[in-house]
*Asks:* 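Below is one structure. I have some questions about it.
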Amino acid sequence: MDADQLFTLCNMFAIIGWIILLLSPYVKYAMIIVQKGMIPIALSLIYLYLILTYFGETDGNFSSLEGVKLLFTSDHAVLAGWVHYLAFDLWVGSWEVGDSIKNKIPFWIVIPCLLLTFIFGPIGLLTYLLIRSNINRRVSHENFDFTVK
């Protein structure tokens, strides 16, 4: 399979994963398919294949911006970077859904976080963490008895 075909396949996996996350309250096996890692694991295995097969083909390195740019001068290196992004952002979105269930955060509040995580990764995570922190702070204050006895 060439880099373009693998790119299309990985994008398809990721899009299916994100759709399942967005529909997770209604998809019976969402926990297994995405939240327990089935799709992120598949993407991670593809990433592993790309790294084992193509890493070191370029003269780049991680010690400077110019070195990093050189790392991404081959199609397979760019694809590996893209798959890295797809796998991690989907995993973060999965974590947000699972954590929101654990913390009893209404799903409709999580949806914008998922969309931001899908498009802007860390901004979606930051948004979710801020919302979760605010909700947890409110809940802990509501449960605290301020009356003097």
*Asks:* For Asn103, enumerate each residue passing the side-chain contact (heavy atoms from CB on, under 4.5 Å) test, keeping only those at least two apart in sequence or located in another chain.
*Replies:*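 Listed in chain order: Asp99, Ile105, Arg132, Asn136.
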
*Asks:* Examine Tyr85 together with Trp82 and report whether their ring centres are nearer than 6.0 Å.
*Replies:*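 Yes, they do, as the ring centres are separated by less than 6.0 Å.
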
*Asks:* Hey, is CG on Asp75 packed in by over 12 heavy atoms from elsewhere, all under 6.0 Å?
*Replies:*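 Open.
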
*Asks:* Of all the heavy-atom pairs spanning Ser24 and Val97, show the shortest one and how long it is.
*Replies:*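 Shortest heavy-atom separation between Ser24 and Val97 comes out as OG-CG1, 3.7 Å.
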
*Asks:* Do Phe118 and Leu125 sit in one hydrophobic cluster, given that two such residues count as connected whenever their side-chain heavy atoms are within less than 4.5 Å of each other, even indirectly?
*Replies:*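 Shared cluster, yes.
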
*Asks:* Using 0.5 Å steps for rounding, measure from the CD1 atom of Ile16 to the CG atom of Leu21.
*Replies:*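 It is 12.5 Å, given to the nearest 0.5 Å.
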
*Asks:* Mark yes or no for whether Ser133, through its side chain, and Leu129, through its backbone, hold a donor-acceptor pair below 3.5 Å.
*Replies:*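 A pair under 3.5 Å: no.
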
*Asks:* Using every non-hydrogen atom in the two residues, find where Gly60 and Leu70 come nearest and quote the distance to one decimal.
*Replies:*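 Smallest interatomic distance, heavy atoms only, reads CA-CB, 3.6 Å.
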
*Asks:* How close do Ala87 and Leu43 get, heavy atom to heavy atom, and via which atoms?
*Replies:*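 Heavy-atom minimum between the residues: CB-CB, 3.8 Å.
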
*Asks:* Please indicate whether Asp2 has more than 12 foreign heavy atoms, meaning atoms of other residues, nucleotides or ligands, lying under 6.0 Å from its CG.
*Replies:*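 Count over threshold, so yes.
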
*Asks:* What distance do Leu114 atom CG and Ile109 atom CD1 have between them, rounded to the nearest 0.5 Å?
*Replies:*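 So the CG of Leu114 and the CD1 of Ile109 are separated by 12.5 Å.
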
*Asks:* At their closest point, which heavy atom of Leu79 faces which heavy atom of Ala3, and how far apart are they?
*Replies:*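 Shortest heavy-atom contact: CD2-O, 3.6 Å.
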
*Asks:* Which value, rounded to the nearest 0.5 Å, describes the distance between Leu6 atom CG and Asn11 atom CG?
*Replies:*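 Here the interatomic distance stands at 10.0 Å.
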
*Asks:* Students often mix this up, so state it plainly: with edges at 30° and 60°, are the rings of Tyr54 and His76 parallel, tilted or perpendicular?
*Replies:*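 The arrangement is parallel - the two ring planes meet at less than 30°.
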
*Asks:* If you take all heavy atoms of Ser64 and Gly67, which pair is closest and at what distance?
*Replies:*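 Heavy atoms of Ser64 and Gly67 come nearest at OG-N, 2.9 Å.
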
*Asks:* Applying ring-ring contact (aromatic ring centres under 6.0 Å, His included), can you list everything that pairs with Tyr47, at least two apart in sequence or on another chain?
*Replies:*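 Scan of Tyr47 (ring-ring contact (aromatic ring centres under 6.0 Å, His included), adjacent residues dropped) gives His84.
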
*Asks:* Between Thr8 and Asp4, is there a donor-acceptor pair closer than 3.5 Å when you use the side chain of the first and the backbone of the second?
*Replies:*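 A pair under 3.5 Å: yes.
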
*Asks:* To the nearest 0.5 Å, tell me how far Leu48 CG sits from Thr53 OG1.
*Replies:*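 Rounded to the nearest 0.5 Å, the CG-OG1 separation comes to 8.5 Å.
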
*Asks:* Of all heavy-atom pairs between Gly93 and Thr117, which one has the smallest distance, and what is that distance?
*Replies:*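 So the two residues come closest at N-CG2, 4.1 Å.
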
*Asks:* Between the side chains of Trp18 and Asp89, is a donor N or O closer than 3.5 angstrom to an acceptor N or O?
*Replies:*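 There is no such pair between these side chains.
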
*Asks:* Out of curiosity, Leu90 CG to Cys10 SG, how far, rounded to the nearest 0.5 Å?
*Replies:*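 Rounded to the nearest 0.5 Å, the CG-SG separation comes to 11.5 Å.
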
*Asks:* Output, in order, the C-alpha distance, side-chain angles, deciding distance and verdict of side-chain contact (heavy atoms from CB on, under 4.5 Å) for Val78 and Phe7.
*Replies:* CA-CA 10 Å; Val78 173; Phe7 175 84; over 6 Å; no

*Asks:* Is the count of non-hydrogen atoms from other residues, nucleotides or ligands lying under 6.0 Å from Phe55 atom CZ greater than 12?
*Replies:*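 No, not enclosed.
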
*Asks:* Could you check whether any side-chain N or O of Tyr128 sits under 3.5 Å from a backbone N or O of Ser100, counting only pairs where one atom can act as donor and the other as acceptor?
*Replies:*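 Answer holds: yes.
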
*Asks:* If I take atom CD from residue Glu96 and atom OG1 from residue Thr127, how far apart are they, to the nearest 0.5 angstrom?
*Replies:*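 Rounded to the nearest 0.5 Å, the CD-OG1 separation comes to 8.5 Å.
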
